[in-house]
Amino acid sequence: MAGKRGVIFEYVPNGPYIKVSAIDEETGTEVSIVGDARATQSELQRIARMKLKRRLDQLSGKPRP
């Protein structure tokens, strides 16, 4: 994800867990993670953003480091 690419985050709490979806504004690509509901929002976003970046790299054919 080059530069300041827009990402939309959605949070769905479910008991002690929270599902976080990250959606790339440019392509509409979406990934989800499930984390501890006690984790900070910034930590959950960081993990979801990393997963989204990995997915976008896979779709563009970039090799994994």
Side-chain angles (χ1 to χ4, degrees):
M1 294 182 341
K4 299 249 179 190
R5 197 159 183 165
V7 178
I8 299 169
F9 293 98
E10 177 183 66
Y11 304 88
V12 180
N14 185 7
Y17 303 102
I18 187 163
K19 177 182 175 185
V20 180
S21 297
I23 304 138
D24 178 60
E25 288 183 330
E26 188 175 313
T27 64
T29 302
E30 180 177 345
V31 298
S32 297
I33 65 162
V34 176
D36 188 328
R38 296 173 297 176
T40 65
Q41 183 175 350
S42 61
E43 180 66 10
L44 294 167
Q45 284 184 1
R46 183 186 69 79
I47 296 166
R49 191 182 298 269
M50 285 177 16
K51 185 172 181 179
L52 180 59
K53 180 186 182 315
R54 184 174 63 232
R55 181 65 182 137
L56 291 171
D57 287 348
Q58 288 173 341
L59 292 173
S60 71
K62 289 184 182 177
R64 291 177 87 181

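In this text, all values refer to a predicted model and were calculated from it rather than measured experimentally.
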> Please tell me if the side chains of Q58 and R54 come closer than 4.5 Å, counting only heavy atoms from C-beta onward.
yes
> Between K19 and P13 (side chain of the first, backbone of the second, donor and acceptor by atom type, cut-off under 3.5 Å), is there such a pair?
no
> I'd like to know if L56 and I23 are part of one continuous hydrophobic network [Ile/Leu/Val/Met/Phe/Trp/Tyr, side-chain heavy atoms within less than 4.5 Å].
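Hydrophobic grouping puts I23 apart from L56.
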> Membership question, hydrophobic clusters at under 4.5 Å side-chain separation (ILVMFWY): are I47 and V20 in the same one?
yes
> Which distance, rounded to the nearest 0.5 Å, do you find between the CD of E30 and the CD of E10?
7.0 Å
> Apply side chain to side chain donor-acceptor pair (under 3.5 Å) to T27 and list each qualifying residue two or more places apart in sequence or on a separate chain.
D24, T29
> Is Y11 linked to V31 within one hydrophobic cluster, defined over Ile, Leu, Val, Met, Phe, Trp and Tyr using a side-chain heavy-atom separation of less than 4.5 Å?
yes
> With sequence neighbours excluded, tell me which residues meet side chain to side chain donor-acceptor pair (under 3.5 Å) with Y17.
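Result, side chain to side chain donor-acceptor pair (under 3.5 Å) vs Y17: none returned.
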> Going through the checks in order, is the side chain to side chain contact (heavy atoms under 4.5 Å, CB included) test met by F9 and R49?
CA-CA 9 Å; F9 293 98; R49 191 182 298 269; 3.5 Å; yes
> Please output the side-chain donor-acceptor pairs of residues 33-40 that fall under 3.5 Å, not counting sequence neighbours, one pair per line with the distance.
| from | atom 1 | to | atom 2 | distance (Å) |
| --- | --- | --- | --- | --- |
| D36 | OD1 | R38 | N | 2.8 |
| D36 | OD1 | R38 | NE | 3.3 |
| D36 | OD2 | R38 | NE | 3.4 |
| D36 | OD2 | R38 | NH2 | 2.9 |
| T40 | OG1 | S42 | OG | 3.4 |
| T40 | OG1 | E43 | N | 3.2 |

> Applying side chain to side chain contact (heavy atoms under 4.5 Å, CB included) to I18 and L44, what does each step give before you reach the verdict?
CA-CA 9 Å; I18 187 163; L44 294 167; 3.6 Å; yes
